[in-house]
**Q** 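Before anything else, here's the structure in question.
Below, read A as the first sequence line, B as the second, and so on, with proteins coming before strands; counting in each chain starts at 1.
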2 protein chains.
Amino acid sequence: MPTTIRDVARASGVHISTVSRAFSAPHLVNAETRTKVLETAEKLGYRPNRAARALITGRTHNIGLIVADIANPFFPPLIKAAEREARLRDYHIFVADSNEDVAVEEELVHALAKQVDGILLVSPRLANSVIEALSREAALVVVNRQVPGLPSVVMDVGHGARAAVDHLVGLGHKKIGFLGGPRGSWTNREIRKAVTSASQVRTGEVEIGVLGPNAPTEDGGIAAAEHVQRAGFTAVLAYNDLMAIGLIEGLDRLGVRVPGDVSVVGIDDIALSRLTRPRLTTVANPTAAAGRAAVDMLLQHGDDRRTTAQVSLATDLVIRDSTGPGPQGDADPGERGTPRAEA
Amino acid sequence: MPTTIRDVARASGVHISTVSRAFSAPHLVNAETRTKVLETAEKLGYRPNRAARALITGRTHNIGLIVADIANPFFPPLIKAAEREARLRDYHIFVADSNEDVAVEEELVHALAKQVDGILLVSPRLANSVIEALSREAALVVVNRQVPGLPSVVMDVGHGARAAVDHLVGLGHKKIGFLGGPRGSWTNREIRKAVTSASQVRTGEVEIGVLGPNAPTEDGGIAAAEHVQRAGFTAVLAYNDLMAIGLIEGLDRLGVRVPGDVSVVGIDDIALSRLTRPRLTTVANPTAAAGRAAVDMLLQHGDDRRTTAQVSLATDLVIRDSTGPGPQGDADPGERGTPRAEA
DNA sequence: GGAGCGACTGCAAAGGTTTGCAGTGGAACT
DNA sequence: AGTTCCACTGCAAACCTTTGCAGTCGCTCC
């Protein structure tokens, strides 16, 4: 029923191989013949059958994209950017949701491997060794994590976290908490490393305490409010914006005001963080750029196989209303870091 | 390089057709033979090649899902639910983003048609006639819209909108505005119809004014604040939560307080609406259920072809903090409708 | 004891496309 | 004029599965 290459061939009086070449190897066919073929193809509404093409070429022109939770506001901008970038190159994207489950994550790679040219593993929680093993089954690009020997795209959260600490120290805070994320998160480790090794900490200028692990959700933030209060932090950097927002809510319930009593900084800059009250000071992650970059890497290293480049994208501190002067209340907020201003 | 059915056949000493049947028609092969085949298949890590299977059976076991904007918080829960439902039945989902562009929307259907068993068109903006034409190219299920002759899943926003009006009238509001969404939106028409034909309007008890069309975004809401103020509404129902949140922001900038001066009701109940201040009173749309139902319809009507059922899912008013007493200030908030309470 | 049946398995075609190879015709070169 | 080359096109195999048909074998039934 659907038009095939054969129909086009018959209708334009050439052999099917000529039709095939008119599409996939234009320089091998006479210009005149080619336009005629393309015209009839157009007229008949012919679209090449990708399954057949994949069968013989081994390339599906599909990409798999595996995330832990589509509904987590961190991911959609990344998915959107990746999809767009892929489609510009005539690729389509399978989106799969592991539902935060490591076993599902692994199974998804198996399931997708045969029908894609490569897979984008976003924020995977699997062990390095497992990921490495999986990479023999399908070309992988890891996003938001680094795995030895595999191409990856990460955002330099360490830098952003240090900028956040600079900002807080500049505001006069001396007792800062890091509200940690889930166990096994690469990002979480990076932030913690960056924060606990910040120069101000080493000089004893400020003290940093780590709380966690916590669920990387609003509820996780709410639940942590009590611990934050008890620990006596005057400023907190949260693993992500959702937790930061939850924390603000939780503190509010305890009668602690943000930024009056405690300053809160998030990470990610999800769309939401501009809409809450107070608007959230946060480390902006270039998720869209990461999505594009990941697709780029996957498709280019399809050719020269085994590119293991590790791309790191810059992050940026966005100062809004959830951070304010520390206990002394007289510090100059602009003295450190190179924060981005925002209207 | 990858293991094929042939490798399994050789390794287990049977013909390839037996291996094939061991997977796709178990009752046709001896139980003993079958387990042996499955075992060797497992050992060799064999996964059937979907492209080859699709080529001969004509079924790809893939589904296309086209939305206007993945990053719009309305969609991810729907996508997530659809993906899950699909995978439970061994289907995979192509997600595509039309970027609010009608032409892209149409092109995506063409592009996907050949490599999927059906397409979920979510909130399409295309003309009925075009959609109908497209349905000859691929099995379609329309979500969030009704198209004559096509299966669809909608949420009964009309009911929710009326409940919202009831709620507002119960609070003593007499001059209510509807902040309309984008031109061409089916949902928008439904809400407007429901609202302007509400019984209280017909009896002259309240007056309803329509503003719009507006961009269905936060900015659209912000921009509309001035018009709302000028029109003198004491309560506003917005096309969606994003606009409602924007409107609250815009009103705030004008010194108008919500819910003190003006009450605002959203539609959708996106995750965000629980996190803003004030928390948003809104019509909860069962987007996850809609995603599941749409996949259901698509896959079941794959068999008995041409089911054109139109499913309508119930909506629900969720009362939070963005609505309060009207000008008189003495009305009983609970007197009308059957709103859902929330902690 | 021969026919018939049932359970199982093998054979081979088919599905739409790509691609190495061979063939054609004409132009350029010797 | 004969050779070589080039641009183009046709031929047919191959990719991996599924599936209708036919074959084998051991039973049951009359």
Side-chain angles (χ1 to χ4, degrees), chain A residues 1-38 40-41 44-62 90 111 113-117 137-138 302, chain B residues 1-38 40-41 44-62 90 110-117 137-138 302:
Chain A
M1 199 56 198
T3 23
T4 78
I5 207 176
R6 213 173 303 274
D7 301 321
V8 179
R10 200 174 307 127
S12 44
V14 299
H15 194 261
I16 57 165
S17 55
T18 303
V19 177
S20 172
R21 280 189 274 254
F23 282 97
S24 47
H27 58 285
L28 288 182
V29 40
N30 181 294
E32 218 170 306
T33 320
R34 176 159 175 266
T35 50
K36 192 178 62 191
V37 168
L38 293 187
T40 40
L44 271 64
Y46 167 74
R47 302 258 168 175
N49 181 324
R50 297 222 180 195
R53 184 179 278 182
L55 188 54
I56 189 161
T57 63
R59 332 216 71 234
T60 62
H61 265 237
N62 293 332
D90 196 27
K114 274 278 187 28
Q115 51 185 332
V116 300
D117 294 343
E137 208 161 323
Chain B
M1 197 60 197
T3 22
T4 80
I5 206 175
R6 210 172 306 273
D7 301 321
V8 179
R10 201 174 306 128
S12 44
V14 299
H15 194 262
I16 58 165
S17 55
T18 302
V19 178
S20 172
R21 279 189 275 254
F23 282 98
S24 47
H27 59 283
L28 287 182
V29 41
N30 181 293
E32 218 170 307
T33 321
R34 175 159 174 267
T35 50
K36 192 179 61 191
V37 167
L38 292 187
T40 40
L44 272 62
Y46 167 74
R47 301 260 168 174
N49 181 323
R50 296 223 180 195
R53 185 179 277 182
L55 189 55
I56 188 161
T57 63
R59 332 216 70 233
T60 61
H61 264 238
N62 294 331
D90 197 26
H110 290 309
L112 248 28
K114 275 277 187 29
Q115 50 184 332
V116 300
D117 295 343
E137 207 160 323

**Q** Bend across the helix from dG1(C)-dC30(D) to dT30(C)-dA1(D), to 10°, with axes taken over 5 pairs at each end?
**A**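 End axes: 50° apart.
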**Q** Measure the spacing between CG of Leu55(A) and CG of Asn49(A) and express it to the nearest 0.5 Å.
**A**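 Nearest 0.5 Å value for the CG-CG distance: 9.5 Å.
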**Q** Output the rounded distance in Å from CZ (Arg34(A)) to P (dT9(D)).
**A**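 My rounded result for the distance is 12 Å.
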**Q** Where the side chain of Arg53(B) is concerned, which of dT17(C), dG16(C), dT17(D) is the nearest nucleotide?
**A**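 Nearest to the side-chain atoms of Arg53(B), counting from C-beta on, is dT17(D).
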**Q** Calculate, to the nearest 0.5 Å, the distance between atoms CZ and OG1 belonging to Arg50(B) and Thr60(B) respectively.
**A**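 Rounded to the nearest 0.5 Å, the CZ-OG1 separation comes to 8.5 Å.
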**Q** Could you check whether any side-chain heavy atom of Asn62(A) comes within less than 4.5 Å of a side-chain heavy atom of Gln115(B), counting everything from C-beta outward?
**A**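 Yes - at least one pair of side-chain heavy atoms lies under 4.5 Å apart.
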**Q** Could you give the CD1-to-C1' distance, from Ile56(B) to dG15(C), as a whole number of Å?
**A**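 The answer, rounded to whole Å, is 6 Å.
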**Q** Check whether any side-chain heavy atom of Thr3(B) lies under 4.5 Å from a side-chain heavy atom of Val8(B), and answer yes or no.
**A**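 Not touching, per the 4.5 Å side-chain cut-off.
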**Q** Within this structure, what is the CG-CZ distance for the pair Leu112(B) and Arg47(A), rounded to the nearest 0.5 Å?
**A**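 Answer for the CG-CZ pair, Leu112(B) versus Arg47(A), is 10.5 Å.
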**Q** Find the distance Arg6(A):CZ to dT18(C):P and express it as a whole number of Å.
**A**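 Interatomic distance, CZ of Arg6(A) to P of dT18(C): 12 Å.
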**Q** Once you round it to whole Å, what is the distance between P of dG16(C) and CG of Asn49(B)?
**A**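 It works out to 16 Å between those atoms.
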**Q** If you measure from OG1 on Thr40(A) to CG on Leu38(A), what distance do you get to the nearest 0.5 Å?
**A**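 Thr40(A) OG1 to Leu38(A) CG: 7.5 Å, rounded to 0.5 Å.
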**Q** List in numerical order all residues of residues 12-31 of chain A for which some heavy atom is under 4.0 Å away from an atom belonging to DNA chain D.
**A**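 Of all residues in residues 12-31 of chain A, the ones placing a heavy atom under 4.0 Å from DNA chain D are Val14(A), His15(A), Ser17(A), Thr18(A), Arg21(A), Leu28(A), Val29(A), Asn30(A).
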**Q** Could you give the CG-to-C1' distance, from Leu55(B) to dA14(C), as a whole number of Å?
**A**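 Spelled out: CG on Leu55(B) to C1' on dA14(C) is 9 Å.
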**Q** If we check side-chain contact (heavy atoms from CB on, under 4.5 Å) with Ser12(A), which of these qualifies: Val37(A), Thr18(A), Thr33(A)?
**A**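 Of all the options given, the one that passes is Val37(A).
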**Q** May I ask you to verify if any side-chain N or O of Thr33(A) is less than 4.0 angstrom from the OP1 or OP2 atom of dC8(D)?
**A**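 It does not, given that no N or O in the side chain of Thr33(A) lies less than 4.0 Å from OP1 or OP2 of dC8(D).
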**Q** Please state how far atom CD in Gln115(B) lies from atom C1' in dG15(C), giving the value in whole angstrom units.
**A**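 After rounding, the reported distance stands at 17 Å.
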**Q** Out of curiosity, Arg21(B) CZ to Asn30(B) CG, how far, rounded to the nearest 0.5 Å?
**A**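 One finds 13.0 Å between CZ of Arg21(B) and CG of Asn30(B).
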**Q** What is the distance, rounded to the nearest whole Å, between atom CD1 of Ile5(B) and atom P of dC15(D)?
**A**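 Those two atoms, CD1 and P, are 14 Å apart.
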**Q** Thr4(A): what forms a side-chain contact (heavy atoms from CB on, under 4.5 Å) with it, not counting sequence neighbours?
**A**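 In terms of side-chain contact (heavy atoms from CB on, under 4.5 Å), with neighbours along the sequence ignored, Thr4(A) is linked to Arg6(A), Asp7(A).
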**Q** Taking NZ from Lys36(B) and C1' from dT9(C), how many angstroms apart are they, rounded to a whole number?
**A**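 In whole Å, dT9(C) C1' lies 12 Å from Lys36(B) NZ.
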